[in-house]
Amino acid sequence: MKKILSVMLSLILFAWLVLPAFAENGDGITIVNPYENVDWENYNRYKADLHSHTNATDGENTLKEMVEKHYELGYDILAISDHGTTSYSWTEEDIVPTMKTLAMFRKGYLPLEALSESGTAANGNSYTVTQINGDDYYVQDGGQSMLRVPYAIENNPTSFNNAHVNSFFVDYGNGILGGTSDYITPISNVDALGGISVINHPGEYSNARDEVYTADAYDRSNLYYNYVIEKFEDLLMSYNSCIGIDINSKGDNRTRFDRKLWDILLTDLAPYGRNVFAVATSDAHNLGIVNSGYVTALMPENTSEALQNCLANGEFLAGSRYIGNLDELIIYASMLEGTSLGAEIQAAADAIESEIETNGKQSTRFTFDEDAEAAYISEIYVDDSENTITISGEGILCVRWVSQGETVGQGASIDIDDCGAESYIRAEIIGEGGITYTQAFLIDDGSTESYSSSFHDFSWLAGILDPIVEFLSVFDNLFGSILKLIGILH
C-alpha cells in the first residue's frame, strides 16, 4: 500500500512540476490553422480563376475563347461570372438581354459563341464538355479536366460605384439590376440559399485605388474610409458565407491597397474568431489579363462540392503575377537584395517613385516573368507545442510574415511567441513567377470577446437612382427580340 501511495505521490509531483511548463509554453496561445484538415501529401492542387467575363456582358471575348484560354494556361477550375448573368452552362448561351444590350453601347456589336458538347478548339485540339455527377467539365485531348463553377455571377451589375459581389453554387442574381453600394442584398440572399460570396476589388468601391500612398488608403481618421471599414466588418460578422475579399486582381491597380484593408479587417475581427479569407482573380474582360490572379484550391477531388468546402474553410492560397504597392515592392527588394529579381523589383519601385514625384500618380506595376513558375507550396506545418509555423516547398525565394499590417518576420519558419504577432499572422511567399498569399492563422490567447455593432448603412442614399436602371428589366423580352433580329441571339 505504501508503494502505491508513493507512486501516486510521485506522479502528482511530476504533474505539478512538469505540466505547468507545457501549459505556459507560448503563454497559452493556440494557433487556429485554416489548413489543419488539408492532407498535403494526398490532396491535389487545383488552379482556379473565380472571376472572369465574356461578351455576354462587358467582356471582349466569347465564352468559347475564354474557356479555351484558361485551359491552355493550365487551369483546373473556371468561374464565368458575368455581370448580372448566371453561369448555367458552357454549351448554351447564358445571357440577360438587358445586360447584353447595355454592354453593346460600350463594346459595340460582339457576337456570342458557346461551346458544343464536342468540337475543335482554336489550337486544333478536339474537346468535349461532359457532365459527371452534376458537374460540367471541359477536356481537350485527354488533358486535365476543367470544372465549371456552378451559378457563378457578379452581382450588382449596374451599380454606379461598383459594389460588386461574386457568388457561387446557388441560383441567385440572374437579371437583377441595380445594387449601388448595396452589398447586403446579394450577400444575405446568397447566405440564405447556402452559397458562397466574395467582396470584389474593394479598392474600386472605396476609391482607395485613387490614393497615391498606402498611408492614405483606408486611413481611419478619414470618416468615409472608417465608414467603409465598418461596413465590411459588419457584413463579414453577419454572414459567414461571405468568406472574404479580393486582395489582388486584374494587375493589382485597383487592389494595390487592399492588402492593407485585409490586415485592418483581420486585426479588428480576429479577436472575435472571425477569419477573413483572401481571394486573387484575373477579373478578365479580355484574354490578355487572364492568369494575372488565381487561387490554388487544396482538395481531394475536383468537384463543385469539394470546392465549396475548400472556399468555406479557407483551404486555398491566393496568387498573382502583379504587385502594384510601392511599399511592398521596397520591402521585397530589400529581402531579395543581391538577386536579379530583387534588382528588377527595385527598378519598378524606383520608377513608381519617379512617377509620383513627377506626375503625382502611379502607372507602373511590377510584373513577374510570365514564363516562370510561382513557388510550389508542399506543406504548411503548425507545431502546436512550439507555436511555430513552417512553410515548405520549391522555388521559394523569400517569405514575409505579416501581423497587424506590419512585417514581423522573414524566412520559411516563424515562432509566434517571439515575433510579436497579435491576433493573427499571415505569409507572403515570393517565387520567380509570382507572389502567393496564405490565409491568416488566427492567434487565440484564450480570451473571448462578444461582437456588437452600431453600424448604420446609408447605401440607400447612394442607390437612389437604382430604380431607374431596374426599370429596364421590364423590357428584357423586347431587348431579347432586338438581339435576335440583329443576329446576336439564335
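Being a predicted model, the structure only gives us computed values, none of them experimental.
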Legend entry - Rounded distance (nearest 0.5 Å) linking atom CG of N200 with atom NE2 of H51: 5.0 Å

Inset, instruction - Over 60° means perpendicular and under 30° means parallel, so classify the ring planes of F458 and H456, tilted if in between. - result: tilted

Please set out all donor-acceptor pairs under 3.5 angstrom arising from side-chain atoms of residues 338-349, sequence neighbours excluded.
{"unit_1": "T339", "atom_1": "OG1", "unit_2": "L336", "atom_2": "O", "d": "2.6"}
{"unit_1": "T339", "atom_1": "OG1", "unit_2": "G342", "atom_2": "N", "d": "3.0"}
{"unit_1": "Q346", "atom_1": "NE2", "unit_2": "D350", "atom_2": "OD1", "d": "2.9"}

Inset, instruction - Hey, could you give me the OH/OH distance between Y138 and Y71, rounded to the nearest 0.5 Å? - result: 7.5 Å

Inset, instruction - Would you please indicate yes or no on a ring centroid separation below 6.0 angstrom for F455 and Y227? - result: yes

Legend entry - Geometric class of the Y205/Y183 ring pair [parallel <30°, tilted 30-60°, perpendicular >60°]: perpendicular

Inset, instruction - Using the six-membered ring wherever Trp is involved, compare the ring planes of Y151 and Y88 and label them parallel, tilted or perpendicular (cut-offs 30° and 60°). - result: perpendicular

Legend entry - Pairwise distance OG1(T57) to NE2(H83) - rounded to 0.5 angstrom: 5.0 Å

Legend entry - Whether over 12 other heavy atoms sit under 6.0 Å from E406 CD: no

Distance-only donor-acceptor pairs under 3.5 Å for side chains of residues 184-191, two or more places apart:
{"unit_1": "T185", "atom_1": "OG1", "unit_2": "D182", "atom_2": "OD1", "d": "3.2"}
{"unit_1": "T185", "atom_1": "OG1", "unit_2": "D182", "atom_2": "OD2", "d": "2.6"}
{"unit_1": "S188", "atom_1": "OG", "unit_2": "I184", "atom_2": "O", "d": "2.6"}
{"unit_1": "S188", "atom_1": "OG", "unit_2": "T185", "atom_2": "O", "d": "3.1"}
{"unit_1": "N189", "atom_1": "ND2", "unit_2": "T185", "atom_2": "O", "d": "2.7"}
{"unit_1": "D191", "atom_1": "OD1", "unit_2": "S241", "atom_2": "OG", "d": "2.7"}

Legend entry - Residues N162 and S159: side-chain donor-acceptor under 3.5 angstrom: no

Inset, instruction - Check the pair N248 / D258 against side chain to side chain contact (heavy atoms under 4.5 Å, CB included), numbers first and verdict last. - result: CA-CA 7 Å; N248 191 324; D258 288 341; over 6 Å; no

Inset, instruction - Please check if the side chain of D39 supplies one atom and the backbone of Y43 the other of a donor-acceptor pair under 3.5 Å. - result: no

Inset, instruction - Please step through side chain to side chain contact (heavy atoms under 4.5 Å, CB included) for the pair V295 and L317, ending with a clear verdict. - result: CA-CA 5 Å; V295 302; L317 305 161; over 6 Å; no

Inset, instruction - Look at the rings of Y75 and H70 and say which category their plane angle falls in: under 30° parallel, 30 to 60° tilted, over 60° perpendicular. - result: perpendicular

Inset, instruction - Output the distance between atom CG (D415) and atom OG1 (T388), rounded to the nearest 0.5 Å. - result: 6.5 Å

Legend entry - Side-chain touch I153/T85, heavy atoms, less than 4.5 angstrom: no

Inset, instruction - Apply side chain to side chain contact (heavy atoms under 4.5 Å, CB included) to the pair S238 and D234, showing each step before the final yes or no. - result: CA-CA 6 Å; S238 299; D234 191 61; 4.1 Å; yes

Legend entry - Between S403 and R426: side-chain donor-acceptor atoms closer than 3.5 Å: no

Inset, instruction - Please tell me if the side chains of R259 and N325 come closer than 4.5 Å, counting only heavy atoms from C-beta onward. - result: yes

Inset, instruction - Please round to the nearest 0.5 Å and tell me the distance separating atom CD1 of I229 and atom NZ of K260. - result: 8.0 Å

Legend entry - CD1/I464: more than 12 non-hydrogen atoms of other groups inside 6.0 Å: no

Legend entry - Mutual orientation of the aromatic rings belonging to Y218 and Y225 [parallel < 30°, tilted 30-60°, perpendicular > 60°]: tilted

Legend entry - side chain to side chain contact (heavy atoms under 4.5 Å, CB included) between I245 and F277, worked out: CA-CA 7 Å; I245 67 171; F277 300 140; over 6 Å; no

Inset, instruction - Verify whether one side chain among H53 and E154 offers a donor that lies under 3.5 Å from an acceptor in the other. - result: yes

Legend entry - Heavy-atom side-chain proximity of L50 to V198 below 4.5 angstrom: no

